[in-house]
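Below, chains carry the letters A, B, ... as their sequence lines are ordered, and counting in each starts from 1.
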Amino acid sequence: MNILILSLILALGIYALLCKDLLHSIIALSALSMLSALLFTMLRAPDVAITEAAVGAGVTTIIFVWAIRHTQRREEDS
Amino acid sequence: MSIDTLFLTPVYLPLFCAAFLMAAKVFFPERTMLFFQGVAGVVGLLLPLAALFLLNPFVMSQQNMETVIGAWETSIGIHYHFDGLSYLLIALHLAVSIPIYLYRKKGQRHSDTFAIVFFIQCSSVAATSLTADLFNLFVCLEVMGITSYVLIASSDKEQSILASYNYLMFSATAMVFFLIGVFGLYRITGSLSYEAIASVKNSLVGSELLVAQFSLVLIVISTLLRSAIVPLSGWLVGAHSTAPHPVSALLSGVLIKVPLFALVRLLLLVVGSYRIGSVLAFAGGLSAIVGILFALRENHAKRLLAYSSVSQIGYVVTAYALAVKEGIGTERGALLLSLALLYAFCHAVAKALLFLTVGTATDALNTKDLALARGANQALKAQGEKIPLTCISFFIAFLSLAALPPTIGYFGKSALLSVTKGHIANQMLTITSVLTVVAYLKLCAIFFPSKEKIKTVAQEKSIGFSLRCAFYIFDFLLIAGFFFYKHLQNWVIQILSPLGSSQIQVSLFAPYSDFTKSLVTIIIAIVVYRLYHTALAHKLLSFVPNKGRTFSDLFFGYGLAIAIMAFQLIR
Amino acid sequence: MKYINTAKQIIAILLVCLVVGVVIISEHSWPEGARDYLFAHAFEDTGATNTVSAIYLGYRAMDTLGETLVLLVAITGTMAILVNLGKDTIEEEAVHFCLPPEKRAKNALRTHLLEVVSSKLGPIVLLFGFYVMLYGHISPGGGFQGGVIVASSIVFLALGTETKSKLTNTVVLSRIEAIAFLALVLASISGVFFETGFFGNPIKPETDLSANFIILLNIIIGLKVGTSIATMCIAMMGGRHDL
Amino acid sequence: MIFERILIFALFIAGFAAIVGIKNIIKKVFGLNLINAATVLLFILEGSRIGDQAPILADSVESMVDPVPQALMLTAIVIGVCVTALSLALAVRLYKATGSLDIEVITKRLQGEH
């Protein structure tokens, strides 16, 4: 079961890096945070799960979306 | 106030001042802020200095104090270890940061944010030099790092934002590798305090030893990254040359030396650290040479100073590495370490003064290009500077770094060179000391009188009183160091010498026989300086690449350093 | 020239990942010494049933202090950089979340749903945030998690424009943050005067009150984290740049 | 057991390769986030091998999980978020200054005029 979630996390991570549209990458990253929070609850680490969900997925996503709003959304295909 | 609360004052007093300033910034009107910053300066910096004076007898008798923060049981709590080394590190930090705090207080734009972050950095430097727990070292290095990114980015030049971004990405990644190293060591040794790790690690064998050695490599290289030794020094030039003058003075003076000496307590306990010492000694010599060659190539004033910081840290690293090689417990190791610390002090004070004086002068002239900047004195006089204080302090700092008599640098450098006699790095260091004088001669050009009339730069703040006493303090430190060098050196050697051997014979070098040697270096330097302007020199120097370090170069150096150190440890 | 650069990058990645790989992949049993000690002594030492908050607010409270400092410096630095980011363009200004309905541009895509949900949801999330913060030493949770949930509830209130509460006023928030930071430093220094040293628990461990020090620290850290993250988010969402 | 660590190591390589390889400065911050998440996963995964109950001292708990790595990772996650916030603020400032998100274009434009 852990291996399934970990491979899903790896897939989301690689998608977040390769995707051209930064907003999709941010959504993939917050999904990754949510999945790792789920994994932490399964691994009997409730404190870290709440922190990862609230701090990792919540605040990081707000900051990334704000950064994207002030810069550009599509990555330059130079 | 028992001993263990006294030695922690440099950690929590500046913190209290930061909190006090934050509250004052929010509750009290703007105009009273200057007064509160003064009060915070006294409480945050002068009281720990007083605490250090009280602790002096305790440290002179080579006792050391091992406590757990919060008086918890030893296996879980955070261990703090107070001994001569951390005492001297805190003394070095306070000696440099008090004048810099005075220099800064003349009301910059971000002055209150600057003050809060400055005090938090003071407390994190003290905590780094005291901690004896691996994860606590990670947190303290992270606090020290994040305060320096914010301080570098606080100058409104665009390049400083780029330099701060590069430094942040590079050392944040290194800190994640540090965490992987902590993971490796905790999994094998089951504890986070240095003694427990060392005791288990010494009895390891086979694949466990390999994993432990690799984790140690990750931790050592990630910490050494902040001391900018050659393969890892890509970030330093951008950061120190674009930061505001007091920040780059503080960074060059203190921030690149503290992680180096804080690491000695970890290396001291781990077997096989003498191999790390031999590699570091060679890297020190290399960084001395490479740093000064880049400095000669440079025409921008502050970048030249930043490159010379890289080369001067090479001196400190060579002596430090030979001390680690000999083992701090032995007589010679303690002697080498104390001379490394003493030279770190000379360089910290002189380089901080250089950054401040060159900064003020180039601000007055409004250009940092060495080819055009002339006649700083007239510009400064136009700004209402009666006696040419900036020029005098610059000249004293130049003498100290060029190792000339009336300053502390003369004794410091010659002592260091005479002690590191046997090693190949010694030859590199002697060559570098000649080239250093040439580099600084280039810098003196700013103060030559210029022909055309200097248009006075509309500088609304004239040279403030607090700025002048910052210069006075630095000059006093440099000159007094020369006259009392004998006592200073005995004091440092006695503090750092291992237990029971406090009367090391100190007449290790005759101060006057070296006068001829330094005279010879000056003459060679002047000849080389004359040669410098010829076509031959330019062709020679064109081999030194002048392009800035790209982002991936930083990590290429990091990978190289890790590979070399790992290979060295497995061999 | 291009190939040298990519070659350098590949070499760097290979070298570093070789060393890191050995440390990560190697098989080793996890030490149980710390777990056994805590299982036996955590409750009467610190009075907290949740051993994780017993560690990070009791035994290793210095790390939490360092962590709060990192958060404070990061947010102060971000605000300093945000302030002189320059004014947004006119039409960006008009779409800001915090503008009351009459001043906002007509084309701003803001459905009524956001306003209703946020102003109704805000107080509930605030209550949940304080619950997580206060019960940190019994159930999972604690200072940081509670603080972030409180911060998100303040952001909800700032989004919804019906409820004009003082809570979303950045001056009030930065005042609470300053008081909380001062209280945290004083609480950590207080151990010195009760001869249990820096960050010691001033209340004697034997008495059943000793958990109160952890509750106090949880509240202070929760308030500090909550207000500072809320201030940053409000400034980011184009609230008042008057910091 | 070892396969989980290989997956985390793969995530680590992806993150580090992104930081070194990708030129877009915001993608570099993504990479930093990834290696931070990988480290936290590694600590908690390995820490939970020795027990099968949450580290809450209820009366029915016999074999609880090692709480020390969990306490350390609380700190590591928050520090990771703070570093991400600061680096993104710097990245936005760089974009406002040079109009591009490509690290080489930014260095060229900024290093052009000293």
Side-chain angles (χ1 to χ4, degrees), chain C residues 5-6 8-10 12-13 16-17 20-21 24-32 34-35 38-39 42-43 48-57 59-60 63-64 66-68 70-75 77-82 84-86 138-140 142-145 148 225 229 232 236, chain D residues 1-3 5-6 8-10 12-13 16-22 35 38-39 42 45-51 54-59 61-93 95-96 104:
Chain C
N5 236 347
T6 40
K8 272 193 199 174
Q9 286 163 6
I10 292 164
I13 296 170
V16 168
C17 289
V20 171
I24 291 182
I25 305 287
S26 66
E27 179 68 39
H28 194 277
S29 66
W30 194 262
E32 288 159 4
R35 191 268 312 257
L38 280 168
F39 186 63
F43 185 71
T49 49
N50 180 357
T51 43
V52 177
S53 42
I55 293 175
Y56 99 96
L57 278 176
Y59 294 108
R60 300 188 68 91
D63 293 348
T64 321
E67 184 185 334
T68 327
V70 169
L71 187 76
L72 173 77
V73 172
I75 292 200
T78 322
M79 299 300 288
I81 291 170
L82 267 185
N84 45 38
L85 198 57
I138 299 170
S139 67
F144 280 99
Q145 301 86 342
V148 173
V225 167
I229 291 184
M232 186 173 73
M236 275 187 185
Chain D
M1 288 314 160
I2 193 154
F3 193 65
R5 284 200 295 276
I6 290 173
I8 291 180
F9 180 50
F12 200 91
I13 293 180
F16 185 64
I19 291 178
V20 176
I22 295 181
I35 52 174
T39 319
L42 186 66
L45 195 74
E46 287 304 303
S48 69
R49 289 227 186 290
I50 55 172
I56 315 286
L57 288 178
D59 34 32
V61 170
E62 319 88 40
S63 81
M64 81 178 182
V65 174
D66 185 357
V68 171
Q70 293 180 9
L72 302 184
M73 280 313 106
L74 286 182
T75 317
I77 292 176
V78 175
I79 287 180
V81 168
C82 297
V83 169
T84 316
L86 192 61
S87 59
L88 278 175
L90 292 173
V92 168
R93 204 41 215 284
Y95 180 79
K96 290 272 187 229
E104 264 132 24

> Where do D:Met73 and C:Val52 land on the side-chain contact (heavy atoms from CB on, under 4.5 Å) test, with the steps shown first?
Replying inline: CA-CA 10 Å; D:Met73 280 313 106; C:Val52 177; over 6 Å; no

Nearest non-hydrogen partners of [X] and [Y], listed with the distance:
X	Y	value
D:Ala71	C:Tyr56	CB-CB, 4.0 Å
D:Leu86	C:Gly77	CD1-C, 4.1 Å
C:Pro31	D:Asp66	O-OD2, 4.0 Å
D:Gly21	C:Gln9	CA-OE1, 4.0 Å
D:Ala89	C:Thr78	CB-CG2, 3.4 Å
D:Pro69	C:Trp30	CG-CZ2, 3.7 Å

Nearest-0.5 Å distance, [atom1] of residue [X] to [atom2] of residue [Y]:
X	Y	atom1	atom2	value
C:Arg60	D:Leu74	CZ	CG	12.0 Å
D:Ile56	C:Ser53	CD1	OG	7.0 Å
D:Leu90	C:Ile81	CG	CD1	4.0 Å
C:Leu38	D:Leu57	CG	CG	8.5 Å
D:Arg5	C:Ile25	CZ	CD1	7.0 Å
C:Ile24	D:Ile2	CD1	CD1	12.0 Å

>> For a 4.5 angstrom cut-off between non-hydrogen side-chain atoms, does D:Ser63 reach C:Phe39?
In response: no

>> Just so I know, are the side chains of D:Glu104 and C:Asn5 near enough to count as touching, which here means a heavy-atom distance under 4.5 Å?
In response: yes

With only heavy atoms counted, which part of [X] is less than 4.5 Å from chain C, the side chain, the backbone, both or neither?
X	result
D:Val65	backbone
D:Leu72	side chain
D:Leu42	side chain

> Which residue out of C:Ala12, C:Ala34, C:Cys17, C:Gly66 racks up the most heavy-atom pairs below 4.5 Å with chain D?
Replying inline: C:Cys17

> What residue, out of C:Gly142, C:Ser139, C:Ala74, has the most heavy-atom pairs lying under 4.5 Å from chain D?
Replying inline: C:Ala74

Can you say whether [X] sits under 4.5 Å from chain D via the side chain, the backbone, both, or neither, judging by heavy atoms?
X	answer
C:Phe144	side chain
C:Val16	side chain
C:Ile10	neither

> Can D:Val68 and C:Arg35 be said to form a side-chain contact (heavy atoms from CB on, under 4.5 Å), step by step?
Replying inline: CA-CA 8 Å; D:Val68 171; C:Arg35 191 268 312 257; over 6 Å; no

>> Looking at D:Arg49 and C:Ser29, would you say the former's side chain and the latter's main chain have a donor-acceptor pair under 3.5 Å?
In response: no

>> Evaluate D:Ile13 against C:Val20 for side-chain contact (heavy atoms from CB on, under 4.5 Å), listing each step before the verdict.
In response: CA-CA 9 Å; D:Ile13 293 180; C:Val20 171; over 6 Å; no

>> As a quick check of understanding, evaluate side-chain contact (heavy atoms from CB on, under 4.5 Å) for C:Thr51 and D:Met64, giving each step before the final call.
In response: CA-CA 10 Å; C:Thr51 43; D:Met64 81 178 182; 3.9 Å; yes

